[in-house]
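Written below as C-alpha cells is the structure these notes are about.
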Amino acid sequence: MSQLQFEQNGDKPVIIAGPCMAESKELVDEVANRMKELADELDFEYVFKASFDKANRTSITSDRGPGWHLARPWFEGIRDRLGVSALTDIHETPQVSAVAEVCDVLQIPAFLCRQTDLLVAAVETGRAVNVKKGQFLDPQSTNHITKKVRAVCESRHLKENLALTERGSSFGYGNLVVDMRGLKIMSDTGAATIFDVTHSLQLPSTGGKSGEVSGGLREFAPVLARAAVATGYLQGLFIEVHPEPAKAKSDAATQLSIEQASSLIRSLLPLWHQAKELKREDNRFS
C-alpha cells in the first residue's frame with residue numbers, strides 16, 4: 001500500500017481527484033485510470049477519491065451511494081492495480097477501522113470538522129488524515145484542529161500526517177466565497193494545505209426542484225484554482241471528476257469532465273512550481 005505523507009515542502013503537488021460518488025466500479029476505474037495516466041505524464045502525486053456514502057445530502061430522497069460493503073473492493077482494486085493512494089470520507093467512528101484497512105487517507109467532511117471523536121479515531125489509525133474546513137469556520141480556527149491531531153500523535157507516538165482543505169466559506173444564503181488569505185493562515189498551522197476547487201464552486205441548495213440539490217458555477221474553476229495555486233501555500237488540489245458531469249448522481253453542477261480536469265491540471269503545474277519559489281520572498285513583508 002502506498003504511504004502518502006502530507007508535507008508543506010514536497011517536491012511535487014498532490015492532486016486528489018475522482019468522482020463525487022462511487023457510482024459504479026466502471027466509473028471509478030475509468031476516472032482513476034485516466035488520472036493515473038496524467039500523473040505519470042506530468043509527475044504529480046495522485047490520490048484517488050470517491051465517497052461510498054454521501055451522508056449529508058440535502059434531500060432524504062437523494063442517492064447516497066453504494067455503501068462500504070459494495071465499494072470496498074473497488075477501492076482495493078484501484079489501489080492495488082494502479083499503485084496509488086485512495087481517499088474516502090468517514091462520517092461515524094464505527095466506519096473508521098474498516099475504511100482504514102483499505103484507504104491511505106481518511107477524510108473528515110466539512111460539516112464534521114469539529115467532531116473530536118471522529119478526528120481522534122481517524123488519527124489513531126496511523127493513516128493520513130484530510131480535514132475539510134467547515135463552511136462555517138474561519139481559517140484561524142483550523143489551528144484547533146491541528147492541536148487535536150498533535151495531541152493524539154504525541155500520546156500515541158504517531159507521526160503527524162495531516163492536511164487541511166479549504167472548500168469555501170458561507171457568504172449569506174446559498175453562496176460560498178474563498179478568502180485567499182485563509183490559505184496562508186491555514187498553512188501557518190504547520191499542516192499541509194489543499195484547495196478544493198470544485199466544492200468551492202457550489203451554490204448550496206439552489207439547484208434542482210425546490211432547492212433539493214446544490215447548484216454551482218463550474219465556469220469559475222480555473223479562476224479560483226489559479227488564484228489559490230498562485231499563493232504558493234498549497235501542497236495540492238482536490239478536484240471532483242466525472243466522465244459525464246451532467247449525469248452525475250451528486251454535484252452535477254460542479255464536477256469537471258476528465259478533459260476539463262486534465263486541461264486545468266496541466267495548466268496549473270508550472271504555476272505551482274513557480275509560486276513555491278516566490279513564496280520564499282514573503283518573509284520580507286512580515
Side-chain angles (χ1 to χ4, degrees), residues 1-6 14 16 18-23 28 47-60 62-76 78-79 85-137 141-167 186 189-194 196 199 204 238 240 250-251:
M1 180 183 292
S2 173
Q3 294 295 325
L4 175 70
Q5 178 65 47
F6 286 122
V14 174
I16 302 168
C20 178
M21 182 191 297
E23 298 175 18
V28 298
V47 178
F48 171 78
K49 69 80 51 186
S51 297
F52 65 88
D53 179 16
K54 302 298 296 182
N56 60 352
R57 297 302 301 270
T58 302
S59 172
I60 197 169
S62 296
D63 194 331
R64 286 183 55 167
W68 182 243
H69 179 72
L70 183 60
R72 174 175 178 148
W74 304 351
F75 282 90
E76 287 179 318
I78 287 171
R79 183 203 64 190
S85 298
L87 172 153
T88 197
D89 317 78
I90 50 174
H91 297 88
E92 301 171 324
T93 52
Q95 297 175 341
V96 174
S97 59
V99 173
E101 291 177 359
V102 176
C103 291
D104 312 86
V105 187
L106 305 182
Q107 181 165 280
I108 308 298
F111 289 133
L112 300 177
C113 68
R114 291 184 56 167
Q115 295 297 104
T116 301
D117 289 346
L118 185 61
L119 181 62
V120 169
V123 175
E124 287 180 335
T125 66
R127 296 296 185 206
V129 175
N130 181 38
V131 182
K132 291 287 195 75
K133 180 181 77 64
Q135 301 93 318
F136 51 85
L137 204 66
S141 292
T142 59
N143 187 50
H144 300 302
I145 296 171
T146 60
K147 287 181 178 179
K148 291 178 183 180
V149 170
R150 284 173 190 145
V152 176
C153 289
E154 289 175 7
S155 65
R156 301 291 191 273
H157 304 289
L158 297 169
K159 182 178 181 180
E160 181 180 327
N161 197 352
L162 172 68
L164 299 172
T165 294
E166 169 62 75
R167 49 111 348 122
M186 291 165 65
T189 67
T193 306
I194 306 290
D196 184 339
H199 282 107
F238 182 107
E240 291 197 319
S250 60
D251 286 1

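None of the values given here were measured: they were computed from a predicted structure.
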Item to complete: Check whether any side-chain heavy atom of Arg114 lies under 4.5 Å from a side-chain heavy atom of Leu137, and answer yes or no.
Response: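 Yes; the side chains approach each other to less than 4.5 Å.
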
Practice prompt. For residues Ile108 and Ile90, determine if any side-chain heavy atom of one lies less than 4.5 Å from a side-chain heavy atom of the other.
Written response: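 The answer is yes; the side chains approach within 4.5 Å.
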
Worksheet entry | side-chain contact (heavy atoms from CB on, under 4.5 Å) partner of Ile16, the single match among Leu4, Val47, Thr165 |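 With Ile16 as partner, Leu4, Val47, Thr165 yield a single side-chain contact (heavy atoms from CB on, under 4.5 Å), made by Val47.
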
Worksheet item: Of all residues at least two apart in sequence or in a different chain, which pass the side chain to side chain donor-acceptor pair (under 3.5 Å) check with Thr193?
Response: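 If we apply the side chain to side chain donor-acceptor pair (under 3.5 Å) test to Thr193, skipping adjacent residues, there are no hits.
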
Worksheet item: Which residues satisfy the side chain to side chain donor-acceptor pair (under 3.5 Å) test with Glu166, sequence neighbours excluded?
Response: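 Glu166 satisfies side chain to side chain donor-acceptor pair (under 3.5 Å) with no other residue.
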
Kindly say whether [Y] contributes a backbone atom to a donor-acceptor pair with the side chain of [X] at under 3.5 angstrom?
| X | Y | result |
| --- | --- | --- |
| Asp89 | Gln107 | no |
| Asp53 | Trp68 | no |
| Arg72 | Val102 | no |
| Ser51 | Met21 | no |

Looking at [atom1] of [X] and [atom2] of [Y], how far apart are the two atoms once the value is rounded to the nearest 0.5 Å?
| X | Y | atom1 | atom2 | result |
| --- | --- | --- | --- | --- |
| Lys133 | Ser141 | NZ | OG | 9.0 Å |
| Cys153 | Glu160 | SG | CD | 5.5 Å |
| Leu119 | Leu162 | CG | CG | 7.5 Å |
| Lys147 | Thr142 | NZ | OG1 | 11.0 Å |
| Phe48 | Asp104 | CZ | CG | 12.0 Å |
| Leu112 | Asp117 | CG | CG | 11.5 Å |

Under the side chain to side chain contact (heavy atoms under 4.5 Å, CB included) test, residues paired with [X] that sit two or more places apart:
| X | value |
| --- | --- |
| Ala71 | Phe52, Pro66, Trp74, Phe75 |
| Gln135 | Ala110, Phe111, Arg167, Ser170, Leu176 |
| Val152 | Val120, Val123, Glu124, Arg156 |

Where do [X] and [Y] come nearest, in terms of heavy atoms and distance?
| X | Y | value |
| --- | --- | --- |
| Ile78 | Val28 | CD1-O, 3.7 Å |
| Thr116 | Lys148 | OG1-NZ, 2.8 Å |
| Leu87 | Phe238 | CD2-CE1, 4.5 Å |
| Ala50 | Thr88 | O-OG1, 2.7 Å |
| Val131 | Cys113 | CG1-CB, 3.8 Å |
| Pro19 | Lys49 | O-NZ, 3.2 Å |

Item to complete: Please collect all side chain to side chain donor-acceptor pair (under 3.5 Å) contacts where either partner lies in residues 91-100, sequence neighbours excluded, each pair once.
Response: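 For residues 91-100: none.
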
Discussion item. Show, in sequence, the C-alpha distance, side-chain angles and deciding distance for Arg127 and Cys103, and conclude whether the side-chain contact (heavy atoms from CB on, under 4.5 Å) test is met.
Written reply: CA-CA 8 Å; Arg127 296 296 185 206; Cys103 291; over 6 Å; no

